[in-house]
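Here the structure is a predicted model, which means the values were calculated and not measured.
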Amino acid sequence: YYQRAAEYAAKKGVYMGIENHGGPISGSPELCAELFRKVGNPYAGILYEPCNLAAAGVDYKRAFDVMRDYITHVHVKDAYPIDGTVQRVWLGTGMIDYRWVVASVEGLGYEGDYALEYELHDEEPETAIGKWLDWFQKI
């Protein structure tokens, strides 16, 4: 079914990707890469989300190396281990090295968008996302 969906996406010029939230396939960089190697279409791949990977206990840099040929989109948020769990934090204050992320995906030739995922509740999104964008654009 992914092959059929990828053929349709290619006709429309749309890239699709599954987000690595965890779970039996999306939580495994190796299985994600295997799936999209079998799909065999650059319009179907992986939405690279370093924070989700780190929160699931996966090394996001190693995962990048495994999934690099299948990345179709990138999400941006940050997290930090607090009280034994990984908590979402202000962009740029957590454990994700976004300078490395941007250099790595753009080193592949990635020219797509970066989705800033503001998932905090300490400031209204209407003002916070502009601050996140300002921080991200300085990379």
- Task: Please list, chain by chain and in numerical order, all residues satisfying salt bridge (Lys or Arg N to Asp or Glu O under 4.0 Å) with D69, sequence neighbours excluded.
- Result: none
- Report the hydrophobic cluster partners of V14, with the cluster defined as I, L, V, M, F, W, Y residues connected by side-chain heavy atoms closer than 4.5 angstrom, directly or transitively. none
- Message: Restricting to non-hydrogen atoms, name the atom on T72 and the atom on G17 that form the minimum distance, rounded to 0.1 Å.
- Response: OG1-CA, 3.6 Å
- Message: Restricting to side chain to side chain donor-acceptor pair (under 3.5 Å), what partner residues turn up for R4, sequence neighbours left out?
- Response: none
- Side chain to side chain, Y2 and F36, heavy atoms closer than 4.5 Å: yes
- So, for P24 and L31, which heavy atoms are closest and what is the spacing to 0.1 Å? O-CD1, 3.1 Å
- salt bridge (Lys or Arg N to Asp or Glu O under 4.0 Å) with E7: which residues, sequence neighbours excluded? none
- With F64, which residues qualify under ring pair (Phe, Tyr, Trp, His ring centres under 6.0 Å), at least two apart? Y48, W100
- Please confirm whether the backbone N or O of K61 pairs with a side-chain atom of D59, one donor and one acceptor, at under 3.5 Å? yes
- Sequence-distant partners of K38, side chain to side chain donor-acceptor pair (under 3.5 Å), two or more places apart: E34
Please list, one pair per line, the donor and acceptor atoms closer than 3.5 Å that link side chains of residues 126-135 to other protein atoms, with sequence neighbours excluded.
{"from": "T127", "atom 1": "OG1", "to": "E123", "atom 2": "OE2", "distance (Å)": "2.7"}
{"from": "T127", "atom 1": "OG1", "to": "E124", "atom 2": "O", "distance (Å)": "3.2"}
{"from": "K131", "atom 1": "NZ", "to": "E123", "atom 2": "OE1", "distance (Å)": "3.3"}
{"from": "K131", "atom 1": "NZ", "to": "E123", "atom 2": "OE2", "distance (Å)": "2.9"}

- Task: Search all heavy atoms of C32 against all heavy atoms of I18 and return the closest pair with its distance.
- Result: SG-CD1, 4.1 Å
- Item | Test ring pair (Phe, Tyr, Trp, His ring centres under 6.0 Å) applied to Y8 - qualifying residues, sequence neighbours left out | none
Using residues 84-95 as the side-chain source, report each donor-acceptor pair under 3.5 Å to any protein atom, sequence neighbours left out, with the distance given to one decimal.
{"from": "T85", "atom 1": "OG1", "to": "I82", "atom 2": "O", "distance (Å)": "3.2"}
{"from": "T85", "atom 1": "OG1", "to": "Q87", "atom 2": "NE2", "distance (Å)": "2.5"}
{"from": "R88", "atom 1": "NE", "to": "E119", "atom 2": "OE1", "distance (Å)": "3.3"}
{"from": "T93", "atom 1": "OG1", "to": "W90", "atom 2": "O", "distance (Å)": "2.6"}

- Task: Say whether L35 and L47 are linked into one hydrophobic cluster, either directly or through other cluster members, by side-chain heavy-atom distances under 4.5 angstrom.
- Result: no
- Message: Does any part of the side chain of V76, heavy atoms only, come nearer than 4.5 Å to the side chain of E117, both counted from C-beta?
- Response: no
- Item | Minimum heavy-atom distance between N20 and M67, given as atom pair plus value | ND2-CE, 4.2 Å
- Using a strict 4.0 Å threshold on nitrogen-to-oxygen distance, state whether R68 and D65 make a salt bridge. yes
- Message: Rounded at 0.5 Å granularity, tell me how far CD1 in I139 sits from CD in E106.
- Response: 9.5 Å
- Task: Apply side chain to side chain donor-acceptor pair (under 3.5 Å) to E19 and list each qualifying residue two or more places apart in sequence or on a separate chain.
- Result: H21, N52, H75
- Query: For Y110 and V102, what are the C-alpha separation, side-chain angles and deciding distance, and is it a side-chain contact (heavy atoms from CB on, under 4.5 Å)?
  - Reply: CA-CA 9 Å; Y110 180 77; V102 170; over 6 Å; no
- Report the distance from atom CD1 of I96 to atom SG of C51, rounding to the nearest 0.5 Å. 5.0 Å
- Message: Please determine whether a side-chain nitrogen of the Lys or Arg among R37 and E30 lies less than 4.0 Å from a carboxylate oxygen of the Asp or Glu.
- Response: no
- Query: Which atom pair, heavy atoms only, marks the closest approach of L53 to A63?
  - Reply: CD1-CB, 3.7 Å
- Message: Suppose the criterion is salt bridge (charged side-chain N to carboxylate O under 4.0 Å, His left out): which pairs have a residue in residues 8-17, not counting sequence neighbours?
- Response: none
- Does Y15 have any ring pair (Phe, Tyr, Trp, His ring centres under 6.0 Å) partners at least two apart in sequence or in another chain, and if so, which? Y43
- Item | Pairwise distance CG(N41) to CD(Q3) - rounded to 0.5 angstrom | 8.5 Å
